[in-house]
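First up is the structure itself, then whatever we jot down about it.
Chain identifiers are assigned alphabetically (A, B, ...) following the order of the sequence lines, protein sequences preceding nucleic acid strands; residue numbering begins at 1 within each chain.
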Amino acid sequence: MNNAFVSLRKLEKKYPGHQAVRGIDLDIRAGEFIALMGPSGCGKSTTLRLIAGLEEPSSGEIAIAGRSMNGVPAFERDTPMVWQSLALFPFLSVVENVEFPLRMKKIAPIERRKRAMEWLDRMGLSAMAGRNIAQLSGGQRQRVAIARALVTQPPILLLDEPLSALDAHLRVRMQTELSRLHKELGITFVYVTHAQSEAFALADRIVLMNDGVIQQSGRPQDVYREPENAFVAEFMGTNNIISGKIAGRSGAFAVIETPLGCFEVPGERLVSGPASFVGSADRVSLSGEHSDAVNRVSGLVIGVEFFGSTQTVFIDVAGHEFRVQKPQHEIDALDLQPGREVHLGWQPAHAWVLPQAA
Amino acid sequence: MRLATLFSRIAQYAFLVFVFLFIATPMIVILVFSFDANRFPTIPWGGFSLEWHKAVLEDGMIRTSFMNSLVVAGSTAVIATFVGFAAAYIDYRYVFRGKSLMGLAVAIPPAVPASILGMAMLAFLSRVGLFGSVSAIVACHVAIASSFAMAIVRLRLRDFPPELEPAAHNLGAPPFTTLMRVVIPFCQPALIASFFLTAAVSFDEFLIAWFVGGTVETLPVRILNLLQGQVNPKINAIGTIVLAISVTLVLLAQNFIGARATQRSGTQEE
């Protein structure tokens with residue numbers, strides 16, 4: 001893909017004693033909303049800081065708009081960032097904070113004030129222009145930080161866990177706002193988060209990282225339904241991963257032999273060898289009677305966890321913990337007490353065989 | 001039980017008043033008798049008079065020494081605050097070999113007895129031929145006062161959010177601009193506090209100024225020379241003036257040490 005706006009090539013970042021980024025290749029299209037996701041310490045924030053030039057890569061290359069960024073200092077890159085801590089200047093007023101990057105671009109005071117006020121207006125903060133940062137609420141500060149980053153009309157916006165300090169209801173509102181800004185501005189957003197819900201809600205593409213390496217990159221639904229490997233499958237949090245070996249074929253499906261029994265899974269080319277498949281928690285049926293599905297297991301209820309509109313039931317199937325996710329009313333109808341025997345089943349087509357065996 | 005609480009409350013206040021009086025009485029005595037018409041401080045008071053204050057203002061040597069003190073205190077405050085800020089920022093920003101050694105070196109001047117420091121400085125300055133001048137006193141005062149300046153700025157930099165500098169770079173500010181537009185504004189209350197405190201340290205300092213000043217007298221040196229001659233009623237008047245200046249400087253310094261950056265606009269309006 002040569003029309004990439006940001007391209008990372010064999011990017012590495014070593015610190016004394018550990019390596020944060022181990023060879024990343026990634027192309028980000030102009031206008032794309034991309035989420036770098038992964039557990040803490042996976043290298044996602046370091047990757048973002050490398051793009052911004054706040055860290056020097058140990059090796060590899062970053063190009064933005066076709067121009068190599070190696071050796072270009074942070075203050076000469078037009079890659080504003082919204083920080084987790086917001087990093088607003090406490091000694092400047094709200095409008096002065098927004099003016100700061102314009103001042104750095106040597107824009108005349110009147111023009112500067114005008115453009116800063118336009119952005120404050122757009123973020124619904126024009127009444128707060130003269131206030132101190134300390135006088136604003138968390139959500140208002142967040143908006144100031146976004147206005148400050150966007151006031152210079154950059155071609156890209158970097159966001160480093162920008163919503164993690166907010167209350168749940170504010171977070172959802174800011175998500176909507178970010179999504180709207182991305183559509184209106186049409187610029188590239190690179191969004192670092194450890195929260196799946198934010199990444200899924202916002203991004204066109206998810207890049208899931210672990211241990212300094214990209215594990216999978218793709219549309220949210222693909223990453224969710226078709227994980228590349230066991231790490232991705234597990235990171236989604238709702239997958240039951242079962243490992244075994246291919247024992248033969250049954251029509252269009254392969255048969256996989258596991259400690260929990262034999263199951264039919266999709267896969268035309270699978271003939272032999274070790275394999276793992278996932279049964280997504282929301283695609284496994286749960287009932288008190290024996291299931292008539294092709295793939296079925298039985299187990300004992302461990303407990304039920306409340307997740308809002310859905311509930312997750314944890315079931316012990318021969319020492320293997322199974323998760324099943326169902327709407328609350330269905331779970332209530334089953335009257336699940338810990339220790340009760342239940343029967344699970346799923347269609348072969350709903351299983352997903354991991355392309356990279358563990 | 002309630003009576004006991006009341007008693008304890010009264011005892012606490014009484015103790016506070018006692019401590020305050022213990023510290024303030026000598027100063028109050030000087031203040032009161034500087035307006036006394038009598039030649040010698042005696043009770044009863046001889047009536048209100050501005051005679052001695054007038055005499056102080058008319059004394060040419062006192063005026064000269066006062067001007068010397070102002071110049072020395074002003075120069076010391078500017079230079080020491082600059083040096084203290086630079087040292088504190090380097091200490092904050094960089095990790096380097098000998099960093100702990102620098103911390104130690106900075107802590108030494110206030111810890112060494114002033115008489116020894118004065119003698120050492122005298123010995124050194126007479127070698128380099130700087131002895132007996134206003135600049136000699138300034139140089140020595142800077143050496144002491146920088147420690148205080150660094151301590152104050154360091155305290156402020158401890159609260160400096162570590163992302164502010166990278167955030168400024170990210171928004172297009174080169175390193176020097178970041179220093180001027182982000183680090184210094186953040187430290188501004190501490191810098192003002194440091195200015196007033198180092199000015200006070202220099203203005204009050206006697207021993208070193210006496211050692212290295214030669215014929216150049218600062219106000220404290222002049223006071224001692226006056227005292228050595230005879231008991232002079234002008235002493236109380238000078239004392240009052242010095243007291244007023246020192247207290248003002250320290251109060252100003254304290255006001256800014258306590259100030260948060262977020263209260264900046266508030267303190268500016270005052």
## Note on the structure
Rounded to the nearest 0.5 angstrom, the CG-CZ distance for B/Asn170 and A/Arg49 is 9.5 Å
### Task
With rounding to the nearest 0.5 Å, note down the distance linking CE in A/Met104 to NE2 in B/His169.
10.5 Å
### Task
Decide if atom CZ of B/Phe18 counts as having more than 12 heavy atoms of other residues, nucleotides or ligands within a radius under 6.0 Å.
no
### Query
Under 4.5 Å between any side-chain heavy atoms of A/Leu92 and B/Pro185, yes or no?
no
### Task
Pick one of side chain, backbone, both or neither for A/Arg103, based on which atoms fall under 4.5 Å of a heavy atom in chain B.
side chain
### Message
Quick check on the interface: out of A/Ala87, A/Ala52, A/Gly53, who has the most heavy-atom pairs with chain B under 4.5 Å?
### Response
A/Ala87
### Query
For B/Pro161, is it the side chain, the backbone, both or neither that has a heavy atom under 4.5 Å from a heavy atom of chain A?
neither
### Query
Taking atom NZ of A/Lys10 as the centre, does the number of heavy atoms from other residues, nucleotides or ligands within less than 6.0 Å exceed 12?
no
### Query
Is it the side chain or the backbone of A/Pro73 that comes within 4.5 Å of chain B heavy atoms, both, or neither?
neither
### Message
Atom CZ of residue position B/Arg9 - does it have more than 12 heavy atoms of other residues, nucleotides or ligands inside 6.0 Å?
### Response
no
#### Entry: Working for side-chain contact (heavy atoms from CB on, under 4.5 Å), residues A/Phe89 and B/Arg181
CA-CA 10 Å; A/Phe89 302 122; B/Arg181 293 237 170 252; over 6 Å; no
### Task
Give the minimum heavy-atom separation between A/Leu88 and B/Leu164, together with the two atoms involved.
O-CD2, 3.4 Å
### More than 12 heavy atoms of other groups within 6.0 Å of B/Met180 CE
no
### Query
At a heavy-atom separation under 4.5 Å, does A/Thr79 approach chain B through its side chain, its backbone, both, or neither?
both
#### Entry: Gap separating the OG1 atom of B/Thr177 from the CZ atom of A/Phe75, nearest 0.5 angstrom
8.0 Å
### Query
With a cut-off of 6.0 Å (strictly less than), are more than 12 heavy atoms of other residues, nucleotides or ligands near CZ of B/Phe124?
no
### Query
Is atom CG of B/Leu21 surrounded by more than 12 heavy atoms (other residues, nucleotides or ligands) closer than 6.0 Å?
yes
### Query
When rounded to the nearest 0.5 angstrom, what distance separates CD in A/Glu99 from CG in B/Leu171?
13.0 Å
### Query
Given a strict heavy-atom distance threshold of 4.5 Å, which part of A/Leu86 is in contact with chain B: side chain, backbone, both, or neither?
neither
